[in-house]
Amino acid sequence: MHQVDASLNAVMVRKSQMSHRYLVQFNPKHTPHLFTDILVIGAGIAGLRAALEIPGQLDVLVVTKDSIQQSNSAYAQGGIAGVLSPEDRFENHIEDTIQAGGGLCHRDVVELVVREAPEQITELIRWGTHFDEEDGHLALTREGGHSHRRIVHALGDATGFEVMRAIIERAKQTPNITLWGDTFTLDLLTCEGRCVGAAVWRVGQGLLLIWAKQTILASGGAGMVYRETTNPPVATGDGMAAAYRAGAELRDMEFMQFHPTVLYVAGSSRFLISEAVRGEGAYLRDRNGVRFMPEIDPRAELAPRDVVAQAIVRRMEETRHPNVYLDLSHLDKALVNRRFPGIAKVCKSFGLDITRDLIPIRPGAHYMVGGVTVDAQGRTTLPGLWAAGEVTSSGLHGANRLASNSLLEGLVFGTACGKGAAASAAALPDTLTALPLSSKFAPETEGALDVADITNSLRSVMVRYMGVTRDQSGLKQVEQDVAFWCRYVLAREFHDRPGWELQNLLTIARLMIHSALVREESRGVHFRSDFPQRDDAAWQRHVVAPALP
Ligand SMILES: Cc1cc2nc3c(=O)[nH]c(=O)nc-3n(C[C@H](O)[C@H](O)[C@H](O)COP(=O)(O)OP(=O)(O)OC[C@H]3O[C@@H](n4cnc5c(N)ncnc54)[C@H](O)[C@@H]3O)c2cc1C
């Protein structure tokens, strides 16, 4: 297995017109300030796990832009992977992760995460998480790309809800942690090449400058850049865009993982049908009732997500049908209802009985594999800034994330960031002062903009040209569209969340498209129909986003 060193193998994508350094103007003399030892941005699994690792003598402020309950973590269904069965071995989980990662995983990071999994799961249990059990033992399921049953789950198919319930409760009971909802992080503050906190907008209070000895970014993914996504509305890539504006390195932005099986019913939200459904034996069938996966991959429906998503799109094209179907009708009805109560309930609301009817599905944007570059301790390239979870590119997932490895990544890297940031903060003098920063720029303000219209247009062209299958002409088209919107959207100053989110989505879309154009091969979740082969000689390397001009 070839190990990739980002610094040696980086390829720079070309520079492009970008936004101002800060989204809004502020003058520290006229802005309220707040001081904390550690600032954590994001209250999903990675952010709260980081906060819980910080010793009691340090003050931790966790900010999140919505309610504490709103995060991708809370919507996770399938579970958390870990070697817990006597028939399984760490080596199996390591090899499965590397196999799925398409030659871009960092073996040292994979080993670290896999070996820490059982202890992290045990800790969640100590903190009050109730995982499902069978005969007095943890119930373990299997998902695509896993060679063994090793995924713990809770409430059948609502693992994230149960895990986050326990973690949020624990964070609320921890005296040195303060949790702020409805606090939108606009930008990271930097001074003399260091991150020194963040500019936030708090509902009811307005603009605030939070100065922190160390900052941990755990703001999650960017699924909302696509019209069809499993992600909740908070996933607009704000943290990635803010880190980018602050000068931290981002990489591998072409790798957006599409979940193969997202409910496709007019009028429904794009609800995820967990991979565990295929893990329990469900089949994929096309509009003619043909089960098509066995002829494509020996693992059939349990092939990794990139293989299954690409096979579904091809089948949809061949049969000229907007979706394919999941079939559970041959499975034990009692097992299906017990394992998937949430999925059964949602499907029932559209008149579908999952034990009998075919479920219409198609792929949807699910997980951002690329992001802010971090080392094995969660350090970014910007001193003073740490990062964990979906916002990062840690080297764990390579070019394609193995199912149920991301909650685990949030736990392991959250812990590492908490430890690292705490040690660094403790080594700094106890006083913090406001620094003479300024974010003056001349915004273009002429004419009203229909932010929702541009956001919807962006999300549509991303599905069309930056979806499961890409080619140069489509990528050039979407590059042009996005560049045009950037010209007049990024030059403005907005005063509300939809405007800031649109600016961040455009920034992220632009980086994704550039990286997809640069990578002239197919690997993992990045499939170029004009370069359908994997090309290790030229492309077993990361694509690093260009520095802000
Ligand atoms: C439907 C679904 C099912 C999934 N199932 C699984 C599964 O079974 N197993 C698995 O391992 N993974 C699963 N995943 C992926 C996994 O849930 C995520 O990758 C993981 O939870 C990310 O955790 P995180 O802490 O990095 O980010 P999140 O959990 O997304 O947390 C991000 C936090 O940052 C906050 N935030 C964002 N922007 C700002 C801002 N500007 N200012 C302040 N706060 C901000 C958000 O509000 C949120 O609190 C699933 C994902 C989805 C969407």
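All values below come from the heavy atoms of this structure, side chains included, with hydrogens, waters and symmetry mates left out. Along the sequence shown, residues carry numbers from 1. Atoms within each ligand, like the ligands themselves, are counted from 1 in listed order.
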Considering non-hydrogen atoms of the protein only, which is the closest contact for [atom], and what is the distance?
{"atom": "atom 21 (O) of ligand 1", "value": "Ser73 OG, 2.8 Å"}
{"atom": "atom 25 (O) of ligand 1", "value": "Ala46 N, 3.0 Å"}
{"atom": "atom 22 (C) of ligand 1", "value": "Glu390 OE1, 3.7 Å"}
{"atom": "atom 44 (N) of ligand 1", "value": "Lys65 N, 3.1 Å"}
{"atom": "atom 4 (C) of ligand 1", "value": "Ala76 CA, 3.3 Å"}
{"atom": "atom 36 (N) of ligand 1", "value": "Ser219 O, 4.0 Å"}
{"atom": "atom 15 (C) of ligand 1", "value": "Ser406 OG, 3.3 Å"}

So, regarding [X] and ligand 1 (criterion: nitrogen or oxygen to nitrogen or oxygen, under 3.5 Å), is there a contact or not?
{"X": "Pro232", "result": "no"}
{"X": "Ala43", "result": "yes"}
{"X": "Tyr75", "result": "no"}
{"X": "Ile45", "result": "yes"}

Self-check item: Which of the ligand 1 atoms, numbered from 1, are nearer than 4.0 Å to a heavy atom of Tyr367
Solution: 19 (O)
Quiz item: Between the side chain of Arg49 and the main-chain N/O of Gly44, is any donor-acceptor distance below 3.5 Å?
Solution: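 No: the side chain of Arg49 does not pair with the backbone of Gly44.
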Hey, does [X] sit under 4.0 Å from ligand 1 if you only count heavy atoms?
{"X": "Asn231", "answer": "yes"}
{"X": "Glu501", "answer": "no"}
{"X": "Gly160", "answer": "no"}

Test of understanding: given a 4.0 Å heavy-atom threshold, classify the contact between [X] and ligand 1 as side chain, backbone, both, or neither.
{"X": "Thr183", "value": "backbone"}
{"X": "Asp238", "value": "side chain"}
{"X": "Asn405", "value": "backbone"}

Practice problem: Out of Gly47, Ala276, Gly239, Gly78, indicate the one that has the non-hydrogen atom closest to atom 8 (O) of ligand 1. | Solution: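 That would be Gly78.
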Quiz prompt | Single hit among Glu249, Arg251, His106 for side-chain hydrogen bond (donor to acceptor under 3.5 Å, both in side chains) with Ser393 | solution =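 Among the candidates, only Arg251 passes.
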Exercise. With Asp96 as reference, evaluate Arg150, His146, His148 under the side-chain hydrogen bond (donor to acceptor under 3.5 Å, both in side chains) test and give the passing residue.
Key: Arg150
Quiz item: Would Gln120 and Thr415 count as having a side-chain donor-acceptor pair, cut-off 3.5 Å?
Solution: yes
Quiz prompt | Where Val225 and Ala509 come nearest, the two heavy atoms and their spacing | solution =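 In terms of heavy atoms, the two residues are closest at CG2-CB, 3.8 Å.
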Quiz prompt | ring-ring contact (aromatic ring centres under 6.0 Å, His included) assessment of His397 paired with Tyr367 | solution = CA-CA 11 Å; His397 307 303; Tyr367 181 85; 5.2 Å; yes
